[in-house]
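First comes the structure, then the notes that go with it.
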Amino acid sequence: MPINNNYIADVIQEYGDMLDLDGANPFKIRAYRQAARRIRSITRELAEMVEEGENLQQFSGIGEGIAEKIVEIVQKGKFHQLEEIKNKIPSGLLEVMSLEGLGPERVKKLYKELDIENIDDLERAINKGKIRELEGFGKKTEENIKKSIKQKEQQGNRLFYNRAEEYTQPLLEYMRKLESTNRLAVAGSYRRKKETVGDIDILATGKDSEVIMDHFVAYEDVEDIISKGDTKSSVHLRGGLQVDLRVVAEESYGAALNYFTGSQDHNIQTRHIAREKGLKLNEYGVFRESNQKSIAGETEDEVYQALGLPYIVPELRENRGEIEAARNNNLPQLIERKDLKGDLQMHSQYSDGGATIEEMAQAAQELGHEYIGITDHSQRVTIANGLDADELAKEIDEIDRINEKFDDFRIFKSVEVDILEDGSLDLPNSILKRLDLRVCCIHYKFNLPREKQMLRILRAMDNPYFNIFGHPTAREINKRPPIDVDMGKIMDAALDKGVYLELNSSPKRLDLNDIHCKMAKERGLKIVISTDAHNPSQLPNLRYGINQARRGWLESEDVLNTRSADKLLEMIKR
DNA sequence: GCCGTTTTCGGCCCGACTGTTTTCAGTCG
């Protein structure tokens, strides 16, 4: 594991969780967890900053103590306080604490009274009926813990955004059928368009909350009901996805939507602002601290206005500078789907696509595209029927023929050419130069150590026919970690050489991620948003890329394929 | 442990639901 920001955040977070089990000061625990979250959103590599002796305390949430620990993590991969606490408390307890319904107090009790150190121990104790005998526990709690274990085994990872959509849309339709519901919206990370979704938060207003709740838990896909009250109910759907429904009064709708959309970090900041202004912000509205009088709540606009801020779109609500930007009236005008004029990565039957070039072109035209790039695989990717130079030459000729039929649409002759281990490209320049543009990607040797991986990529970028670095970290969400690279250096090199980076819109890749997009924007490096579609039905996936781009603060200006075909070719020329 | 247009000390977001209890602790988001 490379010592990147995510690793550092993991270690800091683990320490916070261990402190929780140790019964430490809750605010200290929170400080570590907040620091971990903060670290994940920093767009520079902390390891590098440490090596260069830079001050880490410039980041809010990182003070003297945690800065010292980060230095130790960078140097040794761990820090001594964490090792000490691990000697005292079995780290298997963290896994137990991650179960739904089990927090630090109960886990501690299980450890002290029943010697439970991990989930296996816990399961054995449940089977012996030991849990129900503990003071403060009971039969029902024992059953719930049993369910939680099963739940964790089943669900495992967070859902891809597009899969979450498949669960959410029918449920919304079902809820709309009920006459008692008035307003209905999805909040949470789903509304913020995160690449994966842990659970679904639905917000409703309506005449009779009891009727709405009854209707909700009666949904045919509900597997079990976790809780049910007047204002909040939670269920598991078949397949394990948790859905929470909240019913609020009309006058609180905006405040509730804002509150339940989060993120938590964003909410903490907005509440701070409220307090500064002598106001109180909660899910019911904005209130004057002096007389508890409500001054806003029905719409989100109103809530932000009461805080003296312009409206902030959900995708930006991650406490990554949006509050400051809002205060300075400097929020980005985020890119929208309609800004994109074309799609620069897709496959045809020449390699592993399911449709002909003409079929892809036609479908793209119907979506309003002005151009596409056909990027079939190169020879190295044998499993995808990658093309050699002769086969690619044939494809080039065919695209020329097809292009003659169009007046106001253009197919770029392109390729998804592999970056080989030594940094050479998988096809000779003699054929690459016949193309309009080239997307260069890594499909093998993901595990090279950072130095070698960097050398490979930077060397490849030296080739004048390297235009776009496709799915740059090669990660697959929930499956394969990103390759170990210094993204800042890659971006600097890309700027220097006139290379662009791709945001791959496949819901399983979404590569670059949001933080990398913001990094690119801060450097002035433009991004290409492509689908990597393998058949026409995947062409609308562009919207997932747009979601990610918006989370990464990108504006139309920051994205290459918002340009016309001619302008694009001009810009891509090295 | 972090932070500061009241502060270097004394705060730190806050309300709902469940289960096991007879008034509340624990957990969650």
Side-chain angles (χ1 to χ4, degrees), chain A residues 12-13 15-16 19-20 22-38 56-70 79 81 96-110 131-145 147-148 187-190 192 197-203 209 213 217 225-235 242-248 252 255-256 258-287 289 319:
Chain A
I12 295 287
Q13 168 130 17
Y15 188 60
L19 285 175
D20 201 355
D22 199 26
N25 175 347
F27 297 108
K28 182 173 170 178
I29 297 163
R30 184 194 291 176
Y32 276 96
R33 290 183 175 153
Q34 271 171 353
R37 275 204 301 273
R38 182 74 182 93
L56 302 180
Q57 292 183 51
Q58 63 184 273
F59 302 109
S60 70
I62 298 177
E64 203 183 336
I66 293 180
E68 270 174 21
K69 291 177 179 81
I70 292 173
F79 62 96
Q81 290 94 337
V96 179
M97 196 164 69
S98 75
L99 293 169
E100 201 180 316
L102 286 182
E105 298 304 323
R106 284 177 171 170
V107 171
K108 248 181 288 181
K109 186 145 190 158
L110 290 170
I131 307 291
R132 66 182 74 180
E133 293 167 7
L134 284 181
E135 190 196 337
F137 289 63
K139 207 172 159 187
K140 202 123 192 190
T141 303
E142 189 176 88
E143 273 167 26
N144 283 341
I145 294 172
K147 268 192 214 163
S148 297
S189 55
Y190 185 89
R192 300 201 312 279
V197 172
D199 60 14
I200 301 288
D201 295 292
I202 299 179
L203 192 67
S209 78
M213 291 304 185
V217 300
I225 301 166
I226 304 165
S227 67
K228 182 166 177 267
D230 283 347
T231 65
K232 184 193 165 189
S233 296
S234 297
V235 300
Q242 180 173 332
V243 184
D244 298 343
L245 174 66
R246 271 121 174 158
V247 178
V248 298
S252 295
N258 185 248
Y259 178 73
F260 293 119
T261 296
S263 67
Q264 198 186 5
D265 284 355
H266 178 86
N267 288 353
I268 289 171
Q269 292 312 311
T270 50
R271 286 195 177 192
H272 275 308
I273 292 175
R275 286 166 61 109
E276 280 167 24
K277 291 181 174 296
L279 304 170
K280 188 175 80 171
L281 170 64
N282 60 25
E283 56 264 55
Y284 298 106
V286 185
F287 302 87
E289 201 72 81
N319 190 28

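Below, chain A is the first sequence line, B the second, and so on; all start at residue 1.
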## Note on the structure
Whether each nucleotide of nucleotides 24-29 of chain B has a protein heavy atom under 4.0 Å at its base (B), only at its sugar-phosphate (S) or at neither (-) is summarised, 5' to 3', as --SSSB
### Task
Only counting residues at least two apart or in another chain, list the ones meeting side-chain contact (heavy atoms from CB on, under 4.5 Å) with A/Glu68.
A/Glu64
### Message
Could you identify the nucleotide paired to B/dG1, looking across every strand shown and requiring Watson-Crick or G-U wobble geometry with both distances under 3.5 Å?
### Response
B/dC12
#### Entry: Residues that A/Tyr284 engages under side-chain hydrogen bond (donor to acceptor under 3.5 Å, both in side chains), provided they are two or more places apart
none
### Task
Could you pull out all residues at least two apart from A/Ser148 that satisfy side-chain hydrogen bond (donor to acceptor under 3.5 Å, both in side chains)?
none
Side-chain donor-acceptor distances from residues 270-281 of chain A under 3.5 Å, at least two apart:
from     : atom 1 : to       : atom 2 : distance (Å)
A/Thr270 : OG1    : A/His266 : O      : 3.3
A/Thr270 : OG1    : A/Asn267 : O      : 2.9
A/Arg271 : NE     : A/Leu281 : O      : 3.1
A/Glu276 : OE1    : A/Arg327 : NH2    : 3.0

### Which residues share a side-chain contact (heavy atoms from CB on, under 4.5 Å) with A/Arg38, sequence neighbours left out
A/Ser41, A/Ile42, A/Phe59, A/Ser60
### Query
Expressed in whole Å, how much space separates the P atoms belonging to B/dG26 and B/dT20?
14 Å
### Task
List in chain and number order the residues that pass ring pair (Phe, Tyr, Trp, His ring centres under 6.0 Å) with A/Tyr15, two or more places apart in sequence or in another chain; answer none if no residue qualifies.
A/Tyr32, A/Phe79
### Message
Using the P atom as the point on both nucleotides, what is the distance between B/dG15 and B/dT7, in whole Å?
### Response
28 Å
### Message
Please enumerate all residues that pass side-chain hydrogen bond (donor to acceptor under 3.5 Å, both in side chains) together with A/Asp201, with sequence neighbours excluded.
### Response
A/Arg246
Output a table of nitrogen or oxygen pairs between the protein and nucleotides 21-23 of chain B separated by less than 3.5 Å.
none

### Message
Going by the rule side-chain contact (heavy atoms from CB on, under 4.5 Å), which residues pair with A/Asp230 if we only count those two or more places apart in sequence or in a different chain?
### Response
A/Ser209
### Query
Quantified in whole Å, what is the C1' atom distance between nucleotide B/dC3 and nucleotide B/dT8?
10 Å
### Message
I'd like to check the side-chain hydrogen bond (donor to acceptor under 3.5 Å, both in side chains) partners of A/Asp265; sequence neighbours left out, ordered by chain and number.
### Response
A/Arg37
### Summary
Per-nucleotide protein contact along nucleotides 6-12 of chain B, 5' to 3', at a 4.0 Å heavy-atom cut-off (B base, S sugar-phosphate only, - neither), is ------B
